[in-house]
Amino acid sequence: MRASVIGLGYVGLPLAIRLTQIGINVTAIDKNVSKITQLKKGILPFAQDEPYLQTYLKKYFMEIKFLDLTENYEFTDFVFVTIDTPLKGSIPDNRYILNAIDYVSNHQKKNSIVIIESTVAPKTAENIIIPRLEKNSGMKLNKDFFLAVAPERIRPKHIFAQLTTLPRVIGVSSSTIIPKLKSLYEKITAGQIDFTDFTTAEVVKTVENSFRDVNIAFANEIALACEELKVNVWEVRDLVNKIPFHDMHKPGSGVGGHCIPKDPWLLSSSVKKHKLNLIRTARTINDDMPKHIFLLTKRAFTKNGINIKKANLAILGYSYVENSDDTRSSPTNSLVRILTNKKIKFRIYDPLVKKYADQTPEEVVKNSDAIILMVAHNDFRKLDLKKLSKVVRTKILIDGRNFFDKKKVEKLGFTYSAVGNVPK
Ligand code: SAJ
């Protein structure tokens, strides 16, 4: 069996490797010529810290035909589209996926199955992808070619673990392709394979991430309530979650990443009549958390008589999630924008993000008036707070991820303030 994979990012490259692993003959395509040049030599152009990715690339790159868009080839039985689907504001920016679809339709082979693994807004397949494929190729859906929507389910730092175990939902244009897709995906993942129509598959993917975003927003809203009521949201959360089937998520300094901040907007952009108020409000609540971190910092400065205009801030963590170097839509970036607009001085330390790993924690916090923890990297467990307390100018610690032990921090003389757990 032969497969093409178009778009070699966090989803496409691991998929090309996985397909090769299960014995499929793979042509892997990307528009970025330098990326293709590196891949042809077995060099990993991104996500060097992704478990297994470098090892597997080294093992399989010779078996994969890496091509850039200028190189010609015949399309194959399966054509996977794994192209990034960003937003323009809060609406889908389909430019990239449409370029890929135009590309597919110019090389389409009879009876091929085009599989959209990119996360797209509901109705994209029906209203945009299929008409475009039919018009450009002159082929007819379910006569000359077939379509499936199988949204990827991967998380950076767990890509191969999830790719080979998570259940998959596959929307199909015709039930005639179910046996072929079932036998293929059963080799890709040990997880359950469920078949449905392609719009349902688009809805499932955007709903699963909207579900997570709304749950995180709920936790963040309760944290703000707990600050006003002067109780510790983490104690509240622990006690609430003791009730069976209760899973209050973790409040924090914001919601970043490649999918959670985006997918609710993809869903809401497709629902015109009924405004998805809860989902849209949840996005605003989560996007406002970096602003809340700034508010907690300002309050601590007022309490300690510090003029924020003259203050130095030390920020711990720049990636969007703990123990990762991935900085896409990082909440720290939103905080940095606020500080920059207000001309407030700050330094960042993140041992996992090259750009912010060259100074030591002591150098970054020296003479600072507040340490702000934005990301709960395990590496921060090694910080010697006692030593840091000796080099700061003002002992203020703002904890965005309930990372530090309040009592221990206060014993070192810090004013401690956390999301959902502020001084009485
Ligand atoms: N976050 C919170 N509170 C929480 C959970 C997360 O503030 O309780 C924040 C994180 O700090 C991060 C953002 O939300 O900034 C996203 O975190 P995440 O754990 O959801 O990580 P992602 O973005 O890698 O989410 C992916 C998603 N998987 C796919 O899209 C296939 C998500 O649906 C999964 O639930 C998540 O991985 C996972 O845990 O596997």
Side-chain angles (χ1 to χ4, degrees), residues 9-11 14-15 47 49-51 82 84-85 117-120 150-169 189 191 201-224 233-234 236-238 240-241 246-267 279 282-283 285-290 292-293 316-335 350 352-353 373-378 380 399-403 418-420:
Y10 282 82
V11 177
L15 176 63
D49 72 328
E50 180 64 40
T82 49
D84 195 12
T85 51
E117 287 224 350
S118 306
T119 301
V120 291
E152 50 79 16
R153 281 174 162 169
I154 59 114
R155 179 180 196 207
K157 303 303 290 293
H158 309 74
I159 293 181
F160 279 98
Q162 293 197 336
L163 183 56
T164 55
T165 57
L166 282 189
R168 297 297 293 265
V169 173
T189 176
E202 292 165 332
V203 172
V204 166
K205 172 67 193 183
T206 50
V207 163
E208 70 193 31
N209 282 344
S210 302
F211 175 79
R212 188 164 177 80
D213 198 45
V214 166
N215 274 283
I216 298 168
F218 176 80
N220 285 330
E221 182 145 271
I222 298 303
L224 302 183
V233 71
W234 296 94
V236 169
R237 175 176 179 267
D238 283 347
V240 163
N241 284 350
H246 276 60
D247 171 24
M248 182 171 153
H249 283 34
K250 295 176 185 165
S253 50
V255 173
H258 54 301
C259 42
I260 306 295
K262 175 182 69 154
D263 295 359
W265 289 122
L266 292 179
L267 176 61
I279 286 173
R283 281 280 67 239
I285 290 168
N286 290 336
D287 278 353
D288 281 351
M289 290 316 286
H292 187 65
I293 291 287
L316 301 180
Y318 190 79
S319 56
Y320 85 82
V321 71
E322 61 274 9
N323 308 321
S324 164
D325 67 346
D326 196 333
T327 62
R328 287 176 292 178
S329 303
S330 153
T332 304
N333 200 29
S334 310
L335 176 63
D350 188 324
L352 301 182
V353 176
L373 180 115
M374 290 292 283
V375 188
H377 287 321
N378 292 344
F380 291 150
D399 189 347
R401 295 285 177 192
N402 186 43
F403 186 81
V419 170

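In each ligand, atom 1 is the first atom listed, and ligand 1 is the first ligand listed. Computed from a prediction, not measured in an experiment: that's the story for all the values here.
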Worksheet item: Can you check side chain to side chain donor-acceptor pair (under 3.5 Å) on Tyr10 and Asp84, steps first, answer last?
Response: CA-CA 9 Å; Tyr10 282 82; Asp84 195 12; over 6 Å; no

Discussion item. Has Glu221 got a side-chain atom pairing as donor or acceptor with Ile216's backbone, closer than 3.5 angstrom?
Written reply: no

Response to the item:
Counting from 1 in the order shown, the ligand 1 atoms closer than 4.0 Å to a non-hydrogen atom of Arg153 are 31 (C)

Discussion item. With a heavy-atom distance limit of 4.0 Å, tell me whether Lys157 approaches ligand 1 through its side chain, its backbone, both, or neither.
Written reply: neither

Practice prompt. Could you tell me which atoms of ligand 1, counted from 1 in the order shown, lie closer than 4.0 angstrom to a heavy atom of Lys205?
Written response: 29 (C), 30 (O), 31 (C)

Item to complete: Just go through Gln162, Arg328, Arg237, Lys250 and tell me whose heavy atom is the nearest to atom 2 (C) of ligand 1.
Response: Lys250

Worksheet item: Does Ile216 reach ligand 1 with a nitrogen or oxygen that is under 3.5 Å from one of the ligand's nitrogen or oxygen atoms?
Response: no

Discussion item. Can you confirm whether Val233 sits close enough to Met248 that some side-chain heavy atom of one is under 4.5 Å from a side-chain heavy atom of the other?
Written reply: yes

Discussion item. Please report whether ligand 1 has a polar contact with Arg212, defined as an N or O pair separated by less than 3.5 Å (distance criterion only).
Written reply: yes

Worksheet item: Within the distance-only criterion (no hydrogens, no angle test), does the side chain of Asn286 pair as donor or acceptor with the backbone N or O of Asp213 below 3.5 angstrom?
Response: yes

Discussion item. Would you say that Lys205 contacts Val169 through its side chain, given a criterion of any heavy-atom pair below 4.5 Å between the two side chains?
Written reply: no

Worksheet item: Would you call Phe160 and Pro14 a side-chain contact if the rule is heavy atoms closer than 4.5 Å?
Response: yes

Worksheet, complete the sentence: Near Gly254 (heavy-atom distance under 4.0 Å), the atoms of ligand 1 are 7 (O), 9 (C), 15 (O)

Worksheet item: Side chain, backbone, both or neither: which part of Asn220 has a heavy atom under 4.0 Å from ligand 1?
Response: neither

Practice prompt. Decide whether an N or O pair under 3.5 Å exists between Arg401 and ligand 1.
Written response: yes

Worksheet item: Numbering the atoms of ligand 1 from 1, which are under 4.0 Å from a heavy atom of Asn209?
Response: 27 (C), 30 (O), 32 (C), 33 (O)

Worksheet item: Just by distance, do the side chain of Asn220 and the backbone of Gly252 share a donor-acceptor pair under 3.5 Å?
Response: yes

Practice prompt. Please could you name the atoms of ligand 1 that Ile154 approaches to less than 4.0 Å, counting only its heavy atoms?
Written response: 28 (N), 29 (C), 31 (C)

Practice prompt. Would you check, one step at a time, whether the test side chain to side chain donor-acceptor pair (under 3.5 Å) holds for Ser253 with His292?
Written response: CA-CA 8 Å; Ser253 50; His292 187 65; over 6 Å; no

Worksheet entry | Nitrogen or oxygen atoms of His258 and ligand 1 under 3.5 Å apart | no

Worksheet item: Based purely on interatomic distance, does Arg155 place a nitrogen or oxygen under 3.5 Å from a nitrogen or oxygen of ligand 1?
Response: yes

Worksheet entry | From CA spacing to verdict: side chain to side chain donor-acceptor pair (under 3.5 Å), Lys262, Ser329 | CA-CA 9 Å; Lys262 175 182 69 154; Ser329 303; over 6 Å; no

Worksheet item: Relative to ligand 1, is His158 under 4.0 angstrom through side chain, backbone, both or neither, heavy atoms considered?
Response: neither

Response to the item:
atom 12 (C) of ligand 1 sits nearest the protein heavy atom Tyr320 O, 3.3 Å

Practice prompt. Using a 4.0 Å heavy-atom cut-off, say whether Val255 meets ligand 1 through its side chain, its backbone, both or neither.
Written response: both

Worksheet item: Could an N or O of ligand 1 be found under 3.5 Å from any N or O of Glu208, whether backbone or side chain?
Response: no

Discussion item. Less than 4.5 Å apart, side chain to side chain, heavy atoms only: is that true for Glu152 and Ser118?
Written reply: no

